[in-house]
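As structure tokens, the structure follows; a few thoughts come after it.
Numbers here simply count residues along the sequence, with the first being 1.
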Amino acid sequence: MNVAAGQSDEPHKFNLENIIDRTRKLWNNTPTPVKSCFPWNRALDNFVQLILDIVLTVTKYLYVPVLIVTSIIELFYCAHERKLYITLFPFLFGVAIAGILNSAAMDCGQKMLECRSSFAFDCHWPFGLFFTLLKLPGPYYPYWGLIFIPHFANGALFRTLCLAFRWYRRPRKSLEKAMPDSIVMLCSNLHYMM
């Protein structure tokens, strides 16, 4: 009816220009003490940190179910192509490569701890990110790449998840023995503060 009456719906649409104009009007109408005294930079930093924490939490809880579902879909594709018997070899190769990378990272971490350098033992997530990025373009690989590469990445991801789970479940005493005294004190102080 607005079109028939010659009126347009421009002010009611939510496009970027209208949002910017309304934000600018709101900022211009804001009192000067609010503009100058309020810690806007710290509020922006806290907001960005909150959004990143929410994204990481959602990713953490959805990662394993999505990995399982995509692995099953890839197995169904290989079964449809009658190549299911081949998928075991790249899967085992991925498990072996993830184990080798984990032991190399732990060895490097131990050497850096002996030098009193601050090295985070939590090296599983960069490996997980690498193998996830290897797995993501799976449907766009050529035929044999579509059969081998995602299953290689699946094996490495399952091994990485298993190692990360075992890392977080290990006893606190062995963790304290592996860390320098300054890091142990810092962790215990943070634990009591929370």
Side-chain angles (χ1 to χ4, degrees), residues 1-77 80 94 98 101-102 105 118-143 145-146 149-165 167-169 183 186-187 189-194:
M1 294 185 69
N2 290 339
V3 175
Q7 299 173 355
S8 66
D9 287 336
E10 283 298 320
H12 300 294
K13 287 186 179 178
F14 288 107
N15 59 18
L16 188 60
E17 293 172 7
N18 286 337
I19 292 172
I20 291 173
D21 288 339
R22 288 180 188 211
T23 306
R24 194 170 289 133
K25 287 178 188 176
L26 179 67
W27 181 254
N28 291 336
N29 292 334
T30 305
T32 306
V34 173
K35 290 180 186 177
S36 61
C37 296
F38 189 78
W40 291 104
N41 291 333
R42 195 173 76 199
L44 178 66
D45 291 342
N46 289 341
F47 178 72
V48 169
Q49 185 64 41
L50 177 70
I51 296 299
L52 288 175
D53 288 343
I54 290 171
V55 167
L56 288 174
T57 302
V58 168
T59 303
K60 180 173 68 172
Y61 287 114
L62 287 180
Y63 188 79
V64 174
V66 168
L67 176 64
I68 291 171
V69 168
T70 57
S71 300
I72 291 171
I73 290 170
E74 290 160 355
L75 284 173
F76 279 143
Y77 174 76
H80 174 72
L101 287 175
N102 180 57
S118 61
F119 178 77
F121 270 109
D122 191 12
C123 59
H124 304 103
W125 299 116
F127 296 147
L129 180 65
F130 171 73
F131 290 118
T132 301
L133 291 176
L134 186 66
K135 178 185 170 71
L136 281 178
Y140 302 105
Y141 288 131
Y143 181 73
L146 184 60
I149 295 174
H151 296 292
F152 166 75
N154 286 340
L157 285 172
F158 279 113
R159 176 73 184 260
T160 302
L161 283 174
C162 177
L163 290 171
F165 182 73
W167 169 257
Y168 287 118
R169 298 279 296 179
I183 296 176
L186 177 67
C187 292
N189 290 338
L190 288 175
H191 178 69
Y192 289 125
M193 288 172 53
M194 296 181 160

If you define the side chain from C-beta out and look only at heavy atoms, does anything of Lys135 sit under 4.5 Å from Thr132? no

Can you see whether Asn18 engages Asn15 through a side-chain donor-acceptor pair at a distance of less than 3.5 angstrom? yes

What distance separates His151 NE2 from Tyr77 OH, expressed to the nearest 0.5 Å? 9.5 Å

Heavy-atom side-chain proximity of Ile149 to Leu134 below 4.5 angstrom: yes

Side-chain H-bond candidate by donor/acceptor type, Asp53 with Gln49, under 3.5 Å: yes

CG of Asp45 to CG of Leu50: how many Å apart, nearest 0.5 Å? 12.5 Å

Heavy atoms, side chains only, cut-off 4.5 Å: are Arg24 and Ile20 in contact? yes

Nearest-0.5 Å distance that lies between atom CG in Leu157 and atom CZ in Phe130: 10.5 Å

What's the shortest heavy-atom distance between Leu146 and Tyr141, and which atoms? N-CB, 3.7 Å

In Å and rounded to the nearest 0.5 Å, what is the CG to CG distance from Asn102 to Leu163? 4.5 Å

Atom of Ala98, atom of Thr160 and distance for their closest heavy-atom approach: CB-OG1, 3.9 Å

With a sphere of 6.0 Å drawn around CG of Asn41, does it hold more than 12 non-hydrogen atoms of other residues, nucleotides or ligands? no

4.5 Å side-chain heavy-atom contact, Leu101 and Phe131: yes

Could you tell me whether a side-chain N or O of Asn154 sits under 3.5 Å from a main-chain N or O of Pro150, the two making a donor and an acceptor? yes

Within this structure, what is the OH-CG distance for the pair Tyr63 and Leu56, rounded to the nearest 0.5 Å? 13.5 Å

One should read off an interatomic distance between Thr59 OG1 and Ile54 CD1, to the nearest 0.5 angstrom, of 11.5 Å

Decide if atom OH of Tyr143 counts as having more than 12 heavy atoms of other residues, nucleotides or ligands within a radius under 6.0 Å. yes

With a sphere of 6.0 Å drawn around CZ of Phe76, does it hold more than 12 non-hydrogen atoms of other residues, nucleotides or ligands? no

